[in-house]
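Here is the naming used below: chain letters follow the sequence lines, and residue numbers restart at 1 for every chain.
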Number of protein chains: 2
Amino acid sequence: MTVDKNNLKQLFPDLEEDLYNEIIKHGIIKEVKAGDTLLKVGQTIRSTMLILDGLVKLYREDDEGKEFFIYHLDAGQACSLSMVCAAKHETSEVLAKALTNATVLAIPLGYMDQWMSKYKSWYQFVITSYRNRFEELLKTIDAIAFKSMDERLEFYLKKQVEKLGNNLKITHQGIANDLNSSREVISRLLKKMEAKNWLTIHRNSIEWLKKD
Amino acid sequence: MTVDKNNLKQLFPDLEEDLYNEIIKHGIIKEVKAGDTLLKVGQTIRSTMLILDGLVKLYREDDEGKEFFIYHLDAGQACSLSMVCAAKHETSEVLAKALTNATVLAIPLGYMDQWMSKYKSWYQFVITSYRNRFEELLKTIDAIAFKSMDERLEFYLKKQVEKLGNNLKITHQGIANDLNSSREVISRLLKKMEAKNWLTIHRNSIEWLKKD
DNA sequence: ATGTCTGTGTGACTTATATCACGGTTGCTG
DNA sequence: CAGCAACCGTGATATAAGTCACACAGACAT
C-alpha cells in the first residue's frame, strides 16, 4: 500500500497542507499481518504510529502474561502512547496487536517534536488523540469498577460489533481472555443473551442481533 | 499565598525563563479548602490547573454518584485532564477534590495553546504530564482488572502513605468508597493486616508500619 | 471410518465479595 | 448526664464469579 495526499486527508482531516507533505515525505509505511504484534510491553519506542488501514487492539499485560483488552485503534487514529513514549524515549506500557491486516505509518520521533511547534494542526491532533484515548481508558475503568460481568460482556460485544460488524469471528475463550474471565462464565452469559434474542451463537462466531 | 519565580522553579523545574514570567503574569491563583470540589463532572473547563500546594484527589463517578478513586495530584503537577479538555473547550470527565487546603494556579486556556508552540519546555511539560497520568490510569486498571481486594487495599494504603505519611486520618467507610467496596469487607481485611503487623487500627485513623 | 483437536454445554463445587442485622464504642451537644 | 450520631466488629447469609470434571460435536487429516 502507498499513501497519497488525498488518502491522508480523508483519514486525518484538518491538518495543514505542508504537514501532509511532510508526513508523506518522512513517514515510513509498515505492513503488518493479522495477529502480528506491533508493540511489545517494555519495547523502546522510536516512532509515533498512525494507523492507515486495519484494526489494532491494545492490551494491558499482567505479571503472568494475561492480556486484558483496553481499546481499539482504527484507521485515522494514532497510538497516543507511542507519541508520549516516543517524546521521552521511553518504553511501552502496553501491548498492541493487529487484529486484521493493517498498514501503519511510522513517524520518526524527531519530527514529532518539530511539527509540534511548527504546525498548530499537529498539536491539535496530538492533544485530541490524547483526550480520546484518555476517555477510552476512563470508560474501561468504569466498566471494571462499576459493572458486573454481564454488563461488561454486553459493552465488550457492542464495541466489537461497532468496529467489526454484526458477525463476530471470535471464540468464547477469546472473549474470556479479553475480559480476564473464564470460558465457562462467558458461555453461560452468552447463553442467557441468546435466550433474550440479543445474539445467536455459532461455532467460532457470534451474530449480534440487538439493535439500540 | 503568592507565587514568585523561585517558588515556581522549585515546583516546575526545567521551564524556560520567559515562561516563568508569563506564568506569573497570567496565572490566576486560587485557594481552596480541604474537602472543596475543584472540578465537577460535566463542568466546562476554561483553564489549565497547576497545583502549587496541597493534595488533590481525582475520582471517576458512576451514574448513581458513587466515587471511585483514580489518583492523586500533588504540588508540582498539572491536571492533564484540564489541559486536554481546555484545549477543546470540553467538559470534565472526572471529579477533583482538594484533600488538604490547596493552592492552584489557573492558566486561561488561550495561553496554553500559545505557549505550546512558543516554548518547547512547555510542550515537554504537557507531554510528560500526560504520560504520567496515563501511567497512573494504567496502574489503576491493573489493580482492578488483575488484583483481589486485599491486594488492592494494600496498594491503596501504600499510595496514601506515600502522599500523606504513615498516619492516615481516614475511616473504613472512606476507604470502602474509594475502592468501591463495602465497609465490612475493608474492616475485615484491615483486621487481617493488623494481625500481620502491617498496621495498627485506631478510631478514625490507621498507622502504617510495614516497611518495604 | 478413525482418531485427534478445538470449541462448546453443563452440573457440582469453591471462593471472594457484598449484604443484612445486629450490638458496642467513642465523642459531641443540648 | 442523656441522647444522638458516627464509627467499628462480627456472625449469618446471599450472590457472582471462578474452577473442576467430563461429555459431546464439528472440522480435519490420515
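If you take CG of A/N180 and C1' of D/dT19, they are 14 Å apart, rounded to a whole angstrom. Rounded to whole Å, atom P of D/dC7 lies 10 Å from atom CG of B/N177. C/dT6 atom C1' lies 12 Å from atom NZ of A/K169, rounded to whole Å. Protein atom CD of B/Q173 is 17 Å distant from nucleotide atom C1' of C/dT26, rounded to whole Å. Residue B/K192 contributes atom NZ, which lies 12 Å from atom P of C/dT15 at whole-angstrom precision. Atom CD1 of B/I186 and atom C1' of C/dA18 are 11 Å apart (whole Å). Taking atom CD of A/E194 as the reference point, atom P of C/dT10 lies 10 Å away to the nearest angstrom. Rounding to whole angstrom units, CG of residue B/L179 and P of C/dA18 are separated by 10 Å.
The base of C/dT26 sits within donor-acceptor range of the side chain of B/R203, with an N or O pair under 3.5 Å. Counting distance only, with no hydrogens placed and no angle test, the side-chain atoms of B/R188 and the base atoms of C/dT19 include a donor-acceptor pair under 3.5 Å.
Applying the 4.0 Å criterion to OP1 and OP2 of C/dT8, one finds that A/S187 has every side-chain N and O outside that range. Between B/H172 and D/dG9 there is a side-chain N or O to OP1 or OP2 distance below 4.0 Å.
Using a cutoff of 4.0 Å between basic side-chain nitrogens and carboxylate oxygens, B/D62 and A/K147 are not scored as salt-bridged. With respect to A/R60 and A/E67, no salt bridge is recorded, no charged nitrogen being found less than 4.0 Å from a carboxylate O. Using a 4.0 Å cut-off between charged nitrogen and carboxylate oxygen, A/D150 and A/K192 do not count as a salt-bridge pair.
Ring geometry, B/W115 versus B/H26: the interplanar angle falls from 30° to 60°, so the pair is classed tilted.
Each of D/dC20, D/dT10, C/dG9 was ranked by its minimum atom distance to the side chain of B/E184; first place goes to D/dT10. Closest to the side chain of A/K191, out of C/dT10, D/dC8, D/dT10, is C/dT10. Out of D/dA21, C/dT6, D/dG9, the shortest distance to the side chain of A/R183 is found at D/dA21. Between D/dG18, C/dG9, C/dA18, one nucleotide has an atom nearer to the side chain of B/S181 than all others, and that is C/dA18.
Within 4.0 Å of B/T171, counting heavy atoms only, lie sugar-phosphate atoms of the nucleic acid but no base atom. Using a 4.0 Å heavy-atom distance criterion, A/D150 is classed as making no nucleic acid contact.
When the options A/I23, A/T103, A/L52 are evaluated for a side chain to side chain contact (heavy atoms under 4.5 Å, CB included) with A/V3, the one that passes is A/L52.
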